[in-house]
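Keep in mind that what you see is a predicted model, and the values were worked out from it rather than measured. Both ligands and their constituent atoms are indexed starting at 1 by order of listing. Just so you know, these numbers use all the heavy atoms, side chains as well, and skip hydrogens, waters and symmetry mates.
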Amino acid sequence: MLKNKKILLGITGGIAAYKSAELCRLLVKAGAHVQVVMTHSAQAFITPLTFQALTHKPVYTQVLDGELESGMGHIDLARWADFILIAPASAHCVAQLAHGLVPDLLTTLCLVTTAPIYLAPAMNQQMWQHEATQENIAKLVTRGVKILGPGVGEQACGEFGPGRMLEPAEIIQGLMPPEIHHDMHFVITAGPTQEPIDPVRYISNRSSGKMGFALAEVLAEQGYPVSLIHGPVSLSVPKNLTRAIQITTAQEMYESVHTVLASLENQHKKIIFISVAAVSDFKVKSPSLEKRKKSVELPSLLTLECEPNPDVLASVSSKLRGRPDYCIGFALETAEMSSALAYAEKKLAQKNLDMIILNQLQADIAFEQDNNAVTVLFKHTGKQKPIYLSKAPKTQIAKQLIKLIFNDINVTKTENDYAKSET
Ligand SMILES: Cc1cc2nc3c(=O)[nH]c(=O)nc-3n(C[C@H](O)[C@H](O)[C@H](O)COP(=O)(O)O)c2cc1C
């Protein structure tokens, strides 16, 4: 896929610049033509000579470079590139790009080019989570810039959180166009469930169904068969689904999911199960068949006797026979990042999932909102570190998640490919 691609690899001043030498080596190995451009600060972290040796080409560092201008020139260099990849992309670089500033060669090239731009941000977690950086990233995303990562975890500064540059192999995966896997079928649950108290009242939650519907919509647009089983929502069902089934209660969702999975069993397809629905953990034990009257039946203190609902996700992901090939859960947490991550890791293991997507409830993301920001954890954590997807519209998050799902499904194959190409 990268063979003969002309890649302009930008390096900015961050501690992760040491990983860019490996990234550069892998790109060259994959058959790409790589031209490195470094900022002034980047050269304090790693020398141009390293990249010159890896690419067999001079590294460019300045706009006012007589040698560059006597040859290709900065405009030609921007036109030459099939795409620009900046890794690491510092907070400073992200801010300059968001504001259209061009103080150096790399930022100038980004303003001149009409080719796609990919950024692999790398910075301290506070810097990454700062409103200014998040606004800059959101601005770049709306302009079509693709953001790879960052990862979540231990940082060089000793802190923990989102901001690590993705590993070189993960960045390369992020550059690949999504492969179409015709042998797959996606089964997605979305929205809330409603558990009746009486014919007019129910227990439910604030799930809008927007995230699950966005995933179903993007997958169907990409040509994948999708079965969507959803609770009561006020959204239009996406076009071109294989089926969309509306249910009300958790019990109905459980039955519907298992009926759909059973119907797919002999189709010889890879089944990907994505549980986005916010399923009620409990239901009222004996809902009243008639509306409960305030004056007669309701005392000043009302106690509802509840019993557990079936765990739809666990019942699918823990199946001994007929388990889908890949199971994904969502976890909504109100705790701070490290506790939320610990909880998500526990759920990933306990429910035998392949991937878990952590939502941290904030005023303007997750429930009912059009935007989301998530952290993705993988079963194969040794292979892939958690990845943080910063605030973006849910369809944008859905596209990024779909890429990560395919990457993870292919991760073993990819690692073997790289292992074979080691020198
Ligand atoms: C030791 C050290 C490590 C740094 N690491 C990072 C980093 O990982 N990410 C970042 O955005 N800035 C980092 N900085 C700050 C940048 O180097 C600084 O903002 C610089 O102006 C970036 O310039 P550039 O974007 O033009 O390359 C670091 C600074 C020092 C001294």
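Ligand 1 has no nitrogen or oxygen under 3.5 angstrom from a nitrogen or oxygen of Ala42. Taking any N or O of Ser90, backbone or side chain, at least one lies under 3.5 Å from an N or O belonging to ligand 1. Considering both main-chain and side-chain atoms, His92 comes within under 3.5 Å of ligand 1 through a nitrogen or oxygen pair. Residue contacts with ligand 1: Ser41 is placed with a nitrogen or oxygen under 3.5 Å of a nitrogen or oxygen of the ligand (distance criterion only).
The pair Arg25-Glu22 counts as a salt bridge, with a side-chain nitrogen and a carboxylate oxygen less than 4.0 angstrom apart. Under 4.0 Å is where a charged nitrogen must lie from a carboxylate oxygen, and between Lys269 and Asp325 no such pair does. A salt bridge links Arg323 with Asp354; the closest basic N to acidic carboxylate O contact falls under 4.0 Å. Salt-bridge formation is detected for the pair Asp370/Lys210: a Lys NZ or Arg NE/NH1/NH2 atom is positioned less than 4.0 Å from an Asp or Glu carboxylate oxygen.
Of the protein's non-hydrogen atoms, Ile15 N, 3.5 Å is the one closest to atom 5 (N) of ligand 1. Nearest protein neighbour of atom 29 (C) of ligand 1, counting heavy atoms only, is Phe45 CZ, 3.9 Å.
The shortest side-chain heavy-atom distance between His185 and Lys270 does not fall under the 4.5 Å cut-off.
Shown here, atom 3 (C) of ligand 1 is in close reach of the protein: a heavy atom of it lies under 4.0 Å off.
A side-chain donor-acceptor contact under 3.5 Å links Thr142 to the backbone of Lys139.
Residues Phe83 and Tyr118 bring their aromatic ring centres within 6.0 Å. Ring pair Phe406/Tyr224: centre-to-centre distance below 6.0 Å.
Residue contacts with ligand 1, taken as heavy atom pairs separated by less than 4.0 Å, involve Ala91 via backbone and side-chain atoms alike. With a 4.0 Å heavy-atom cut-off, ligand 1 is reached by the side chain of Met127 but not by its N, CA, C or O. With a heavy-atom cut-off of 4.0 Å, Thr39 touches ligand 1 through its side chain alone.
For atom 9 (N) of ligand 1, the choice among Ala122, Pro103, Cys93, Gly13 with the nearest heavy atom turns out to be Ala122.
Atoms of ligand 1 found under 4.0 Å from any heavy atom of Gly14, numbered from 1 in the order shown, are 5 (N), 6 (C), 7 (C), 8 (O). Ligand 1 places these atoms under 4.0 Å from at least one heavy atom of Thr12: 25 (O), 27 (O).
No heavy atom of Ala16 sits closer than 4.0 Å to any atom of ligand 1.
Atom NZ of Lys319 sits in a crowded spot, with more than 12 heavy atoms from other residues, nucleotides or ligands closer than 6.0 Å.
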